[in-house]
Amino acid sequence: MKTTRNSPPVNRQPMSRDEKRHVISLQKHKQRKRRKAITLVLLVLLIAVVGVVLSLTVFFRITQVNVVASTIYPDEQIVEASGIKLSENMFLTDSEKAAKKIQGTLPYISDVKIKKSLTGKITLTVTETKAAMAFVEGENYLIISPVGKVLERSKLISEHVCVIEGVSYSEAEEGKTIVLSDMTAADGETVLRTGDKLLEDLLIAYRGSEEYLGGNISEIDMSDINNLEMIYEYRILLKCGDISKLDNTLKFAGAIIERLNGENPYYTGTVDLRIENKAYYNEGDFETETEPETEEATDKNSEKTEDADDKPSEEETTEKKED
């Protein structure tokens with residue numbers, strides 16, 4: 001029967017002794033279950049804490065560090081650069097931090113992957129970059145990677161390294177990306193192109209030369225971004241024009257050079273590509289300010305014949321062939 005607020009109180013019969021005992025028994029049973037549950041939770045937490053403490057102090061110690069891939073650096077040097085030490089706890093080892101340490105300390109390493117094993121073994125898989133470009137720095141060269149990372153300073157460069165002219169840099173710390181200076185107008189204040197954009201242009205030019213010219217570009221001159229120039233194998237000056245059209249220009253240049261090399265592998269001269277889909281030739285030596293000292297100690301620009309004609313040949317025009 002439902003009661004309302006104004007309903008008279010219902011007279012309940014007092015509980016018997018057995019009923020009271022049953023109620024008390026139920027309450028005690030609930031209390032025991034509650035205490036058991038709390039005890040079980042505390043026990044699980046205690047075991048977890050002990051497990052964590054043991055894992056961080058006793059178990060999962062680093063017993064071995066291996067290096068995968070061959071580089072110019074000895075394995076021991078790579079391990080030392082990582083900062084990873086034997087007997088340290090594996091879970092406390094910061095893989096990302098260790099990889100950055102290696103890349104910063106050893107510039108020729110471009111990528112690091114770290115794999116951990118519960119057996120205590122850590123494997124460092126490293127990828128090596130290559131010397132791609134170089135800036136003249138007094139009597140030395142500042143060598144950078146294909147992505148602009150500063151690798152080292154050296155008196156000699158490989159014959160496959162491309163020398164950069166026409167731009168300067170403001171920061172060049174080994175292991176970090178080079179920072180190019182802004183290109184300014186004659187007044188020294190008006191910014192024609194920011195350093196970030198110049199670096200982007202440079203990397204695009206280098207990648208294009210690798211793709212279409214077989215990585216045989218010995219110099220890139222960026223002093224005029226609207227008239228970018230490259231030198232192919234120290235013997236062919238390519239006037240590439242506007243850098244915004246560089247991809248198509250270099251693709252065209254690759255076809256032109258392939259034909260020239262087929263006709264004369266020692267062809268020396270200038271190929272003007274500044275007009276779209278056309279190439280103008282001037283056979284003969286050209287001047288360049290760059291005379292790099294390579295590791296092979298060769299300078300192909302100095303190989304001149306006594307009978308070489310100083311006057312350029314007549315210009316000829318070649319229409320671009322459709323793919």
Side chain to side chain contact (heavy atoms under 4.5 Å, CB included) for Ile243 and Arg193? Distances and angles first, verdict last. CA-CA 12 Å; Ile243 198 168; Arg193 215 168 188 83; 4.1 Å; yes
Start with the C-alpha distance between Val136 and Glu165, add both sets of side-chain angles, then the distance that settles side chain to side chain contact (heavy atoms under 4.5 Å, CB included), and finish with yes or no.
CA-CA 8 Å; Val136 178; Glu165 295 286 344; 4.1 Å; yes
**Message:** Apply side chain to side chain contact (heavy atoms under 4.5 Å, CB included) to residues Glu211 and Lys251 and explain how you reach the verdict.
**Reply:** CA-CA 8 Å; Glu211 181 176 359; Lys251 186 177 182 180; over 6 Å; no
Verdict with reasoning, Val179 to Tyr169, per side chain to side chain contact (heavy atoms under 4.5 Å, CB included): CA-CA 6 Å; Val179 178; Tyr169 51 87; over 6 Å; no
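Separation of atoms CD1 (Ile236) and CG (Asn282) is listed at 13.0 Å; rounding is to 0.5 Å. Atoms OH and CG, from Tyr212 and Asn248 in turn, are 7.5 Å apart once rounded to the nearest 0.5 Å. The CG atom of Asn89 sits 6.5 Å away from atom CZ of Arg61, with the distance rounded to the nearest 0.5 Å. Residue Asn216 holds its CG atom at 9.5 Å from CD of Glu159, rounded to the nearest 0.5 Å. Put simply, CG on Leu40 and CG on Leu45 are 9.5 Å apart, with the number rounded to the nearest 0.5 Å. To the nearest 0.5 angstrom, Ile84 atom CD1 is 6.5 Å from Ser95 atom OG.
With a 4.5 Å cut-off on side-chain heavy atoms, Phe135 and Ile178 count as touching. Using a 4.5 Å cut-off on side-chain heavy atoms (C-beta onward), Asn261 and Tyr232 make contact. In this structure the side chain of Ile114 never reaches within 4.5 angstrom of the side chain of Thr93, judged on heavy atoms. Between Pro146 and Lys130, the closest side-chain pair of non-hydrogen atoms falls below 4.5 Å. Proximity of Ile225 to Leu198: side-chain heavy atoms (C-beta onward) are separated by under 4.5 Å at one or more points. You'll find the side chain of Ile122 reaches within 4.5 Å of the side chain of Lys116, heavy atoms only. When side chains are defined from C-beta on, Ser154 counts as touching Ile143, because their heavy atoms get closer than 4.5 Å. The closest side-chain heavy-atom distance from Phe252 to Cys240 is not below 4.5 Å.
In terms of modelled atom types and a separation under 3.5 Å, the side chain of Thr63 and the main chain of Gly120 share a donor-acceptor contact. For the pair Tyr73 (side chain) and Tyr108 (backbone), a donor-acceptor distance under 3.5 Å is present. With Glu128 contributing its side chain and Ile72 its backbone, the two residues share a donor-acceptor pair below 3.5 Å. Using a distance-only test at 3.5 Å, with no hydrogens or angles considered, no donor-acceptor pair links the side chain of Asp182 to the main chain of Thr184. The backbone N or O of Thr127 sits less than 3.5 Å from a side-chain atom of Ser110, completing a donor-acceptor pair.
Residues Leu203 and Leu228 share a hydrophobic cluster, clusters being chains of Ile/Leu/Val/Met/Phe/Trp/Tyr side chains in contact below 4.5 Å. The same ILVMFWY cluster, assembled from side-chain heavy atoms under 4.5 Å apart, contains both Tyr267 and Met230. Taken together through direct or relayed side-chain contacts under 4.5 Å among Ile, Leu, Val, Met, Phe, Trp and Tyr, Leu86 and Val79 form part of one hydrophobic cluster.
Contact detail for Ile109 and Lys149: the closest heavy-atom pair is O-NZ, 2.9 Å. Between Ala253 and Leu213, the shortest heavy-atom contact is C-CD2, 4.0 Å. For Gln103 against Val112, the heavy-atom pair with the smallest separation is CG-CG2, 4.1 Å. Taking all atoms of both residues into account, the shortest heavy-atom contact from Val161 to Ala131 is CG2-O, 3.7 Å. Looking at every heavy atom in both residues, Ala205 comes nearest to Leu250 through O-CD1, 4.1 Å. Considering all non-hydrogen atoms of both residues, Lys245 and Glu276 come closest at NZ-OE1, 4.4 Å.
Side-chain contact, Thr194 with Asp196: no donor N or O sits under 3.5 Å from an acceptor N or O.
In Glu80, the CD atom is not crowded: 12 or fewer heavy atoms of neighbouring residues, nucleotides or ligands sit closer than 6.0 Å. In the displayed structure, Glu137 atom CD is contacted under 6.0 Å by more than 12 heavy atoms of other residues, nucleotides or ligands. A 6.0 Å sphere centred on CD of Glu96 holds no more than 12 heavy atoms belonging to other residues, nucleotides or ligands.
Between Leu238 and the options Ile231, Ile256, Ile257, a side chain to side chain contact (heavy atoms under 4.5 Å, CB included) holds for only Ile257. When each of Ile157, Leu151, Leu142, Leu202 is checked for a side chain to side chain contact (heavy atoms under 4.5 Å, CB included) with Met133, only Leu202 meets the rule.
Looking at Arg207 and Glu210, no side-chain N of the basic residue comes within less than 4.0 Å of a carboxylate O on the acidic one, giving no salt bridge.
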